[in-house]
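Below: the structure, in structure tokens.
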Amino acid sequence: MAEHNDRTHQTRILPMEATKLGHFSDKSTDTGMPLEDWHLELDTTTQDGKDLELAASNLKSSDVPVAFPTETVYGLGADATRSAAVKGIYQAKQRPSDNPLIVHIASLKQLRKLLSTSDSSPNVDPIPQIYHPLIQRFWPGPITIILPVPQDSKLAPEVTAGLRTFGARMPRNLLALALIKTADVPVAAPSANASTKPSPTAAEHVRYDLDGRIELIVDGGPCDVGVESTVVDGLSSPPAVLRPGGIGIDLIKTVPGWENTVVGYHDVSLKGDAAPRAPGMKYRHYSPKAPVMLVEATGGKQPHISDLSRQLGSSGSLGLVRTKTWKSLLNKRFTVWDMCIGPDTADVARGLFSALRELDRKDVDAIIVEGIDDGEGDIAAAVMNRLRKAAEVKLEQL
Ligand code: TXA
Ligand code: MG
């Protein structure tokens with residue numbers, strides 16, 4: 001298969017610490033907005049500084065994407081203004097280029113430059129007013145805003161997938177900010193996993209999926225948040241959450257102008273859906289190799305071993321991901337790889353993708369996950385959204 005031939009690169013992990021990069025200074029005039037403009041005096045006498053310079057120069061001029069940490073998940077970045085570079089992302093991920101990508105920026109100045117057209121007035125802020133309080137509150141951070149693609153946009157068409165809007169985000173991770181700032185280009189970046197796999201929350205996850213397909217992985221340690229950013233559309237009325245993520249809808253609703261925000265995504269809740277889903281019937285997403293069985297929190301009880309054997313047949317090994325209340329499962333029938341990633345919801349989000357990947361490496365035959373209540377309007381909605389996509393089979397109410 002072509003797969004082998006595609007693995008032509010020597011993939012290097014570059015461990016990096018923000019404190020060793022040099023001197024960060026604020027250049028903002030007092031607009032009350034975060035990271036208006038700033039400067040990094042890169043110290044290229046340190047290995048970290050040299051490595052960042054290399055990663056930034058690859059971003060700027062190579063067509064092979066660079067993996068880097070953000071506070072949500074690791075991203076696979078390319079210069080959003082060059083088609084060949086953006087195509088490199090899809091090639092590395094082995095994914096068709098049908099999805100719009102998020103554009104990452106390091107300062108508001110950089111975003112304004114991207115939004116301006118030749119005839120824009122210098123007195124009008126090209127960032128729509130509705131977003132100002134949201135940016136003030138959550139940027140840099142795990143929220144992506146939908147913006148109009150300006151006339152004569154510099155963005156490569158592969159980034160917007162033909163839409164008249166695009167998503168922009170200012171990440172909170174200092175390495176991500178330093179990389180984008182030093183490359184001095186807007187960076188298109190989906191999660192740095194191979195297509196269909198859980199998103200990577202550590203550099204090792206990226207290497208596992210993309211070894212030989214990319215050259216550089218900036219390693220900033222494990223991600224803080226663990227699920228992708230919340231995508232919001234403030235151009236529509238009322239504003240809508242298009243993808244649940246790191247910032248919950250309840251918090252968004254506390255921002256002036258965002259009180260009436262609605263859920264604009266369709267979550268395939270498996271609640272009340274008695275029929276198990278046949279593997280392969282839909283595009284797999286966030287999925288480890290083993291089938292994921294999700295028990296919705298409203299289903300309540302922890303499944304008993306006899307229920308599991310009915311569902312799993314003769315399967316020999318089972319991964320168990322516990323979150324809030326389940327107890328470890330002792331039995332003689334299966335080998336159980338037991339992981340507890342809760343009970344805090346933030347910990348569940350942080351540990352979820354990593355747990356799924358670890359169980360994959362143990363080669364379990366099935367993974368059963370204790371769902372959490374997503375009625376709270378917080379990051380639990382993002383956790384359950386990803387889990388429902390990963391789950392192929394639902395255990396009937398037990
Ligand atoms: O946390 C994150 O957002 C991560 C890290 C790496 O920053 N990035 C990420 O990027 O998840 P990506 O490109 O996989 O996210 C793309 C998603 C699309 O599936 C869609 O939900 C939304 O962002 N999106 C992007 N552009 C859009 C647009 N013009 N209209 C509606 N949704 C859009
Ligand atoms: Mg992704």
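Indexing begins at 1, ligand by ligand and atom by atom, following the structure's order. All residue numbers in this chain count up from 1 along the given sequence. Nothing here was measured: the structure is a model prediction, and the numbers come from that model.
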* Quick one: look up the protein heavy atom nearest atom 6 (C) of ligand 1 and list residue, atom name and how far away it is. =>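 Protein heavy atom with the smallest distance to atom 6 (C) of ligand 1: Gly75 CA, 3.6 Å.
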* **Closest protein heavy atom (residue, atom, distance) for atom 3 (O) of ligand 1** => Ser229 OG, 2.5 Å
For ligand 1, find out whether one of its N or O atoms is nearer than 3.5 Å to an N or O atom of [X].
X	answer
His104	yes
Thr72	yes
Tyr74	no
Arg243	yes
Arg169	yes
Ala189	yes
Ile102	yes

Could you tell me, atom by atom, which parts of ligand 1 come under 4.0 Å of a heavy atom of [X]?
X	value
Leu163	28 (C), 29 (N), 30 (N)
Gly167	26 (N)
Phe166	29 (N)

Between [X] and [Y], a side-chain donor and acceptor under 3.5 Å:
X	Y	value
Ser287	Lys389	no
Thr72	Arg172	no
Thr8	Arg213	no
Thr201	Ser354	no

* Pair Tyr74 + Phe68: ring centers closer than 6.0 Å -> no
Main-chain N/O of [Y] paired to [X] side chain as donor or acceptor, under 3.5 Å:
X	Y	value
Ser120	Ser116	no
Glu41	Gly22	no
Arg82	Ser62	yes
Asp209	Ala194	yes

* Asked: Ile89 versus Leu101: any side-chain heavy-atom pair under 4.5 Å?
  ->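 Answer yes - side chains close enough.
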* Pro186 versus His104: any side-chain heavy-atom pair under 4.5 Å? -> no
Under 4.0 Å from ligand 1, counting heavy atoms only, is it the side chain of [X], its backbone, both or neither?
X	answer
Pro190	both
Ile146	side chain
Thr165	both
Leu242	side chain

* Asked: Should one rank Pro100, Gly77, Gly162 by closest heavy-atom distance to atom 26 (N) of ligand 1, which comes out on top?
  -> Pro100
* Answer yes or no for Ser191: is there an N/O/S atom below the 2.8 Å cut-off from the Mg ion (ligand 2)? => yes
Indicate every side-chain donor-acceptor pair of residues 11-19 with a distance under 3.5 Å to a residue at least two apart or in another chain.
unit_1, atom_1, unit_2, atom_2, d
Thr11, OG1, Asp211, OD1, 3.4
Thr11, OG1, Gly212, N, 2.7
Thr11, OG1, Ile214, O, 2.7

* Heavy atom of protein closer than 4.0 angstrom to atom 20 (C) of ligand 1 ->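 Given the 4.0 Å cut-off, atom 20 (C) of ligand 1 does not count as touching protein heavy atoms.
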